[in-house]
Number of protein chains: 2
Amino acid sequence: MPTVSSEELAAAAGVNSAKLRKDFSYLGSYGTRGVGYDVEYLVYQISRELGLTQDWPVVIVGIGNLGAALANYGGFASRGFRVAALIDADPAMAGKPVAGIPVQHTDDLERIIQDNGVSIGVIATPAGAAQQVCDRLVAAGVTSILNFAPTVLNVPEGVDVRKVDLSIELQILAFHEQRKAGEEAAADGALPAAGSAAARKASADQGPDGAAPAVMPA
Amino acid sequence: MPTVSSEELAAAAGVNSAKLRKDFSYLGSYGTRGVGYDVEYLVYQISRELGLTQDWPVVIVGIGNLGAALANYGGFASRGFRVAALIDADPAMAGKPVAGIPVQHTDDLERIIQDNGVSIGVIATPAGAAQQVCDRLVAAGVTSILNFAPTVLNVPEGVDVRKVDLSIELQILAFHEQRKAGEEAAADGALPAAGSAAARKASADQGPDGAAPAVMPA
DNA sequence: CCATCTTTGTGCACGCGTTCACAAAGACAT
DNA sequence: ATGTCTTTGTGAACGCGTGCACAAAGATGG
């Protein structure tokens with residue numbers, strides 16, 4: 001039986017082994033003392049807990065460059081997602097296949113949602129259309145929305161929204177870049193490093209920031 | 001002189017006013033007691049601190065659907081970013097304009113970086129090419145990388161990498177969706193809610209998660 | 001069957017960020 | 001000029017996640 005110890009996993013993932021064991025313990029922890037965790041069983045448990053064993057039909061609304069990129073993105077299928085439909089407001093797009101899936105017109109949005117039992121929607125429309133699309137998705141029964149449009153969406157209680165702002169990630173990089181430049185200048189004895197307290201707060205690891213600033217200008 | 005109080009800003013942003021004031025205090029205190037913050041000056045200070053007043057030339061490598069979407073994305077310009085060049089490995093793409101910018105071939109990558117003084121690179125290539133592109137970018141002088149390819153990049157000390165995995169956001173939504181379904185079932189008296197402890201830890205607000213799980217299967 | 005060794009599961013303490021609460025500061029009216 | 005009122009800036013307390021350290025559990029060998 002192939003097994004892994006928390007120590008091995010922690011080293012591979014670059015995290016603390018105690019944290020990892022404690023996280024696993026929340027799932028009901030099925031490790032064997034003196035041996036470790038049964039790999040196959042562990043993968044199954046985590047997959048089940050994260051919802052990877054289910055099939056999640058999703059619709060993508062707004063088939064521009066970004067929508068097309070998402071439709072073509074291979075990572076979805078392996079994570080339990082299935083692109084059930086592509087929807088666009090442009091009649092010229094209707095019927096045209098993108099990533100092997102024919103684009104359908106916004107008029108049929110409600111029917112498509114209900115026919116496919118879709119509960120997760122992706123909005124890749126221009127900012128101006130996002131709220132309207134969102135309202136229709138929610139009215140049709142969607143309860144989770146991934147929003148790529150640069151707008152904060154208003155949704156009723158019980159609906160989850162996650163906003164992905166592609167430029168925020170770049171902005172964080174630029175902030176660190178500026179800090180690097182500032183520190184070089186300070187090392188040259190030229191200037192005191194501006195905002196050193198705020199700079200210290202920024203973490204340096206890959207991935208989304210844990211502590212985002214409270215306010216950011218539009 | 002138009003002003004805002006920390007209370008107003010906090011209400012608008014949905015955060016605690018004390019935290020907001022403390023954050024501002026790290027930038028140096030520019031508020032007036034009894035009045036609030038001078039809007040114009042505050043915007044300028046924050047913009048400067050975040051690096052929005054500078055012009056950041058960036059290159060996008062890999063002009064597929066995603067790369068094209070990024071090139072067309074309007075949000076960059078208003079945040080101080082300028083797309084200095086588009087680079088792709090496909091010779092057929094060379095010279096073809098995307099978002100009004102002619103695509104250049106990977107062979108010229110080093111020259112393009114140096115000619116434009118680029119320090120921020122965006123990787124939108126397939127996973128297989130990402131590390132190689134990354135190495136060349138770093139060797140040419142890039143010190144910040146935004147990675148859309150589903151790979152963890154290896155970079156030397158001093159280089160920042162931020163990884164954007166589009167399917168992780170969907171996965172988080174699916175997790176919440178599953179939790180909703182599980183709670184309904186539990187309310188019906190059918191099943192105990194699986195993983196309730198882990199579920200409780202998940203926050204419900206828009207935006208990237210602060211506390212990401214330590215390990216996630218590939 | 002017992003001793004030893006490995007690894008889990010977790011109580012506890014530490015550190016950090018958030019929130020509370022209030023004194024100090026400044027505007028504004030009288 | 002003086003008092004009142006608003007809002008800032010911040011010291012202190014609180015809460016929470018993380019890491020340490022160790023006892024309990026089980027495997028393994030003699």
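Hydrogens, waters and symmetry mates are skipped; everything else that's a heavy atom, side chains included, is used. Each chain gets a letter, A, B and so on, in the order the sequences are listed, and its residues count up from 1.
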- How many Å lie between CG on A:Leu27 and P on C:dG9, as a whole number? 11 Å
- Criterion ring-ring contact (aromatic ring centres under 6.0 Å, His included) against B:Tyr37, the qualifying member of B:Phe24, B:Tyr30, B:Tyr44: B:Phe24
- Item | Between P of D:dG9 and CG of B:Leu9, the distance in whole Å | 12 Å
- Between B:Asp23 (CG) and C:dC16 (C1'), how many Å, whole number? 14 Å
- Item | OP1 or OP2 of D:dG9 under 4.0 Å from side-chain N/O of B:Tyr37 | yes
- Item | Pairing of A:Asp160 and B:Arg179 as salt bridge, 4.0 angstrom limit | no
- Would one find a side-chain N or O of B:Lys22 under 4.0 angstrom from OP1 or OP2 of D:dT10? no
- Task: Round to a whole Å and report the spacing from CZ of A:Phe24 to P of D:dT18.
- Result: 14 Å
- Query: Taking CZ from B:Arg33 and C1' from C:dG26, how many angstroms apart are they, rounded to a whole number?
  - Reply: 8 Å
- Query: Whole Å only: how far is the CD atom of A:Glu7 from the P atom of D:dA21?
  - Reply: 13 Å
- Message: Can you see if the side chain of B:Ser6 gets near the phosphate of D:dT8 - specifically, an N or O under 4.0 Å from OP1 or OP2?
- Response: yes
- Per atom distances to the B:Val35 side chain, the nearest of C:dA27, D:dG9, C:dC20 is C:dA27
- Out of D:dT10, D:dA24, D:dG9, which nucleotide sits closest to the side chain of B:Ala18? D:dT10
- Query: Given atom CG of B:Asp38 and atom P of C:dG26, what is their separation to the nearest angstrom?
  - Reply: 16 Å
- Check the pair B:Thr143 / A:Lys180 against side chain to side chain contact (heavy atoms under 4.5 Å, CB included), numbers first and verdict last. CA-CA 10 Å; B:Thr143 49; A:Lys180 286 182 207 165; 3.4 Å; yes
- Query: Closest to the B:Thr32 side chain: C:dA21, C:dG26, D:dA27?
  - Reply: C:dG26
- Query: Which part of the nucleic acid, if any, lies within reach of A:Ser17 when heavy atoms closer than 4.0 Å are counted: base, sugar-phosphate only, or nothing?
  - Reply: nothing
- Options C:dT19, D:dG9, D:dC20, nucleotide nearest the side-chain atoms of A:Asn16: D:dC20
- Between B:Trp56 and A:Glu177, the two heavy atoms sitting closest are CZ3-CG, 3.4 Å
- Message: By nearest heavy atom, map A:Arg21 and A:Gly34 onto DNA chain C; which one lands nearer the 5' end?
- Response: A:Gly34
- Message: Can you confirm whether A:Glu110 is buried at CD, in the sense that more than 12 heavy atoms of other residues, nucleotides or ligands lie under 6.0 Å from that atom?
- Response: yes
- Between P of D:dT7 and NZ of B:Lys19, the distance in whole Å: 21 Å
